[in-house]
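Order of the sequence lines sets the chain letters (A, B, ...), proteins ahead of strands, with each chain counted from 1.
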Amino acid sequence: MTDPTPDAASAAEDGTDLLAVRRAKLDRLRAAGVDPFPHDFDGVEPIAEVRARHEGLEDGAETDVRHRIAGRLRARRGQGKMAFLDLDDRSGRIQLQAKLDVLGPEVMSRLLDDVDLGDLIGIDGVAFMSRRGELSIRVEAITVLAKSLRPPPDKHHGLQDQEVRQRRRELDLIGNEDTRRAFVMRSRIVSEIRRFLDGEGFLEVETPVLQPLYGGALARPFTTHHNALGRDLYLRIATELYLKRLIVGGLERVYELGKNFRNEGISHKHNPEFTMLEWYEAYADVEDAADRLEACVSHVAAAVGYEGEIRWTEPWARKTLAGAIEEETGIDVLAHRTSESLAAVVRASDRTDVDPDGRTWPQLVDDLLSKDVEPKLQQPTMLFDYPVELSPFAKRKRTETGEDTGLVERFEAFALGMEIANAFSELNDPDEQRRRFEEQARLELEGDDEAQQYDESFVEALEQGMPPTGGLGLGIDRLVICMTGRSTIREVVLFPTMRD
RNA sequence: GCCUCGGUAGCUCAACUGGUUAGAGCAGUGGACUCUUAAUCCGAAGGUUGAGGGUUCGAGUCCCUCCCGAGGCACCA
């Protein structure tokens, strides 16, 4: 910045311009020969470790243990010959005691007059227990580590404004302990998932985000353009098809944990970019995927110390989709296999408010599921046996007679009234897969802009021979919502998509 | 995309059915204070009430348009 104008200088003096006040202090530090942005600060101890070291110290007890800590200054009490301050680091908070007779007038003034709330400072000092039983550090030396030129969020109320909390997540993290806890929990959940799958012999892999065709889910994509190749590419909506090619290649157990992108609405459970885990296991089917999902999620819940209302431990409830719909609505969708007959029953029912006009049979089934069943599934529940029309990559359901039920071997898992996972016995018959793509192509011609694109290279991969395979997708954001007790995806995504 | 609600000081919130000069706490600022912890006490300061237009003697408050957010619907795993 340039020199403050006379107006700015007077605004700094009377304290009306908060930014100018801070810049004036920055200038004072520099004038006193203090570097307000030094390069490092060696030998810092996490505050939590300092606390652990002195656990059980009696009220009023002194120690001769010297500590070096660093963090953001959060609060300050007292302005005279002694002051107390609170310092935050990533591991916790600790009280500092600054005494004039220890520091001398010059250092005391630096701490009280030139350092602001929100500044990053380093402290050398001795631990003691205050008379009121608060572990504290008696400051012997301070080091300015970075001047904060903007005021921090309210020290007591934190930052409440939803918009600012999401657009300026750093402020949310500084001001709101809850937010910090939730995102620490998210990181631990993700690393426990990796630990679990790695322990089961899975390989973590990376497949393309930029794809010439989009597939593996029913959704509209984001489109972008590659200049040198002179062609459009799509941001992936799923990792499914590439991962199955790796199963063909013999990797046998693979997973990918990363972002998918879907060009659709934003809601409390939808963000345009979201984190998905997909795994594929050779010589396994949908039942194996279900067992592994239970094992994985209950491991994660225990490892991160989940303490909420959801019972993640095995076994989870398992039902059929049709059974669950009948339970909630009294409608047996399998007894009415055409859109007309199902629509008639839906219309006649007083237990659902689904509007059947213009809906196909699979759409109606989906409507009944999402309106009448899904909201009821608060505890972890897996629903099996989905209509083939909604599942272009799943194997048809085995039956004793060999008859075609129109169902596939697939389940979706739900918790807190949200879908969190989706799995099936992967279709590995290339001719059947080709027919499913052709059916999707027909739907696209009819104007369904979410139909699957015909992916010939994927069919060729299946022609190479894919072993029987169980695959699963787990929505990480939604799992984190459940495990952190948050109500929306925006609370568990660091920087959710916002308007400009 | 549609409906409803909201946007007031840097932050957290007030302001009855349209009526004096839009209030308070925190932060900041000047001062007092050597065990405080949402420290306390005294003083002064801080506002284009999201933006723009309109109705009215008078608008934070009513109407219109736009921006941003929240909730719901639609779309969608």
**OP:** Using atom CE of M108(A) as one end and atom P of C33(B) as the other, report the distance to the nearest whole Å.
**Re:** 12 Å
**OP:** Using a heavy-atom cut-off of under 4.0 Å over every strand shown, decide if R74(A) touches base, sugar-phosphate, or nothing.
**Re:** nothing
Subject >> Check ion pair E177(A)-R93(A) (N to O, under 4.0 angstrom) >> reply: yes
Original post:
Mind checking what makes ring pair (Phe, Tyr, Trp, His ring centres under 6.0 Å) contact with F495(A), not counting sequence neighbours?
Top reply: none
**OP:** Counting heavy atoms from C-beta on, name the nucleotide in G28(B), C33(B), G71(B) closest to the side chain of T488(A).
**Re:** G71(B)
Original post:
U29(B) P sits how many Å from D114(A) CG, rounded?
Top reply: 10 Å
**OP:** Can you tell me, in whole Å, how much space there is between the P of G72(B) and that of G58(B)?
**Re:** 42 Å
**OP:** Look at K155(A) and G28(B) and indicate whether a side-chain polar atom (N or O) is within less than 4.0 Å of OP1 or OP2.
**Re:** no
**OP:** Flag the pair R186(A) and D477(A) as a salt bridge only when some basic side-chain nitrogen lies within less than 4.0 angstrom of an acidic carboxylate oxygen.
**Re:** yes
**OP:** In whole angstrom, give me the gap between the C1' atoms of G1(B) and A38(B).
**Re:** 45 Å
Original post:
Given the C1' atoms of C66(B) and G19(B), what is the spacing between them in whole Å?
Top reply: 30 Å
Subject >> Identified side-chain contact (heavy atoms from CB on, under 4.5 Å) partner of L96(A) from the options D86(A), I69(A), L111(A), I142(A) >> reply: I69(A)
**OP:** Using Watson-Crick or G-U wobble geometry with both distances below 3.5 Å, tell me the partner of U40(B), or none.
**Re:** A32(B)
Original post:
For U4(B), which nucleotide is its Watson-Crick or G-U wobble mate, given both distances must be under 3.5 Å?
Top reply: A70(B)
**OP:** Please determine, for the side chain of D101(A), which listed nucleotide (G28(B), U34(B), C13(B)) has the closest atom?
**Re:** U34(B)
Subject >> R131(A) bridged to D59(A) by N-O distance under 4.0 Å >> reply: no
Original post:
Salt-bridged, K25(A) to D114(A), with N to O below 4.0 Å?
Top reply: no
Original post:
For atom C1', what is the distance between C35(B) and G30(B), given to the nearest Å?
Top reply: 26 Å
Original post:
Do NZ/NE/NH1/NH2 and the carboxylate oxygens of K244(A) and E240(A) come within less than 4.0 Å?
Top reply: yes
**OP:** Quick one: look up who A9(B) pairs with, Watson-Crick or G-U, both distances under 3.5 Å, and put none if it's unpaired.
**Re:** none
Subject >> Separation of F414(A) CZ from S370(A) OG (nearest 0.5 Å) >> reply: 9.0 Å
Original post:
Are more than 12 heavy atoms from other residues, nucleotides or ligands located less than 6.0 Å from atom CD of E106(A)?
Top reply: no
Original post:
Using purine N1 to pyrimidine N3 plus N6-O4 or O6-N4 for Watson-Crick, or N1-O2 and O6-N3 for G-U wobble, each under 3.5 Å, what pairs with G18(B)?
Top reply: none
Original post:
G175(A) near the nucleic acid: base, sugar-phosphate alone, or nothing, with a heavy-atom cut-off under 4.0 Å?
Top reply: nothing
Subject >> Pairs satisfying ring pair (Phe, Tyr, Trp, His ring centres under 6.0 Å), at least one member in residues 67-107 of chain A, at least two apart >> reply: H54(A)-H67(A)
**OP:** Select base, sugar-phosphate, or nothing to describe what R410(A) touches, counting heavy atoms under 4.0 Å on all strands.
**Re:** base
**OP:** Please figure out whether A75(A) or S370(A) has its closest RNA chain B nucleotide nearer the 5' end.
**Re:** A75(A)
**OP:** Between G7(B) and U48(B), how far apart are the C1' atoms? Round to whole Å, please.
**Re:** 15 Å
Subject >> Residue-level proximity of residues 265-275 of chain A to RNA chain B when a heavy atom falls under 4.0 Å >> reply: G265(A), H270(A)
Original post:
In whole Å, what separates the C1' atom of A45(B) from that of G25(B)?
Top reply: 16 Å
Between the protein and nucleotides 35-37 of chain B, list the N/O to N/O atom pairs that are separated by less than 3.5 angstrom.
from	atom 1	to	atom 2	distance (Å)
C35(B)	O2	R131(A)	N	3.0
U36(B)	OP2	R132(A)	NE	3.0
U36(B)	OP2	R132(A)	NH1	3.1
U36(B)	OP2	R132(A)	NH2	2.1
U36(B)	O2	R77(A)	NE	2.9
U36(B)	O2	R77(A)	NH2	3.4
U36(B)	O2	Q95(A)	OE1	3.0
U36(B)	N3	Q95(A)	OE1	2.8
U36(B)	N3	Q95(A)	NE2	2.8
U36(B)	O4	Q95(A)	NE2	2.8
U36(B)	O4	S130(A)	OG	2.9
U37(B)	O4'	R77(A)	NE	2.8
U37(B)	O2	Q95(A)	OE1	3.2
U37(B)	O2	E134(A)	OE1	3.1
U37(B)	N3	E134(A)	OE1	3.2

Original post:
Rounded to whole angstrom units, what separation is found between the CZ atom of R76(A) and the P atom of U34(B)?
Top reply: 17 Å
**OP:** Determine the contact category for R262(A): base if any of its heavy atoms lies under 4.0 Å from a base atom, sugar-phosphate if only primed atoms, P, OP1 or OP2 are that close, otherwise nothing.
**Re:** sugar-phosphate
**OP:** Examine U12(B): is either OP1 or OP2 under 4.0 Å from a nitrogen or oxygen in the side chain of R165(A)? Give yes or no.
**Re:** no
Original post:
Separation of L96(A) atom CG from U34(B) atom C1', in whole Å?
Top reply: 16 Å
Where do N or O atoms of nucleotides 1-10 of chain B meet protein N or O atoms at under 3.5 Å, pair by pair?
none

Original post:
Under a 4.0 Å N-O cut-off, is there an ion pair linking E62(A) with R138(A)?
Top reply: yes
Subject >> Atom pair CG/OH of L197(A) and Y255(A) - distance to nearest 0.5 Å >> reply: 5.5 Å
Subject >> Lys/Arg-Asp/Glu bridge criterion (N-O < 4.0 Å) met for R236(A), E273(A) >> reply: no
**OP:** Look through every strand shown and name the nucleotide pairing with G58(B) as Watson-Crick or G-U wobble, where both distances are under 3.5 Å.
**Re:** none
Subject >> R490(A) side chain near G71(B) phosphate (N/O to OP1/OP2, under 4.0 Å) >> reply: yes
**OP:** In whole angstrom, give me the gap between the C1' atoms of C68(B) and A51(B).
**Re:** 11 Å
**OP:** Measure from CZ on R478(A) to P on C76(B) and round the result to the nearest Å.
**Re:** 14 Å
Subject >> Ionic contact status for R66(A) with E140(A), cut-off 4.0 Å >> reply: yes
Original post:
Could you give the distance from OG1 (T239(A)) to CD (Q211(A)), rounded to the nearest 0.5 Å?
Top reply: 8.5 Å
Original post:
Given the P atoms of A9(B) and A14(B), what is the spacing between them in whole Å?
Top reply: 12 Å
Taking only nitrogen or oxygen atoms into account, show me every contact under 3.5 Å that the protein makes with nucleotides 46-51 of chain B, one pair per line with its distance.
none

**OP:** Please report, rounded to the nearest Å, how far the P atom of C67(B) is from the CE atom of M498(A).
**Re:** 15 Å
Original post:
With under 30° as parallel and over 60° as perpendicular, where do the rings of F393(A) and F437(A) fit, or are they tilted in between?
Top reply: perpendicular
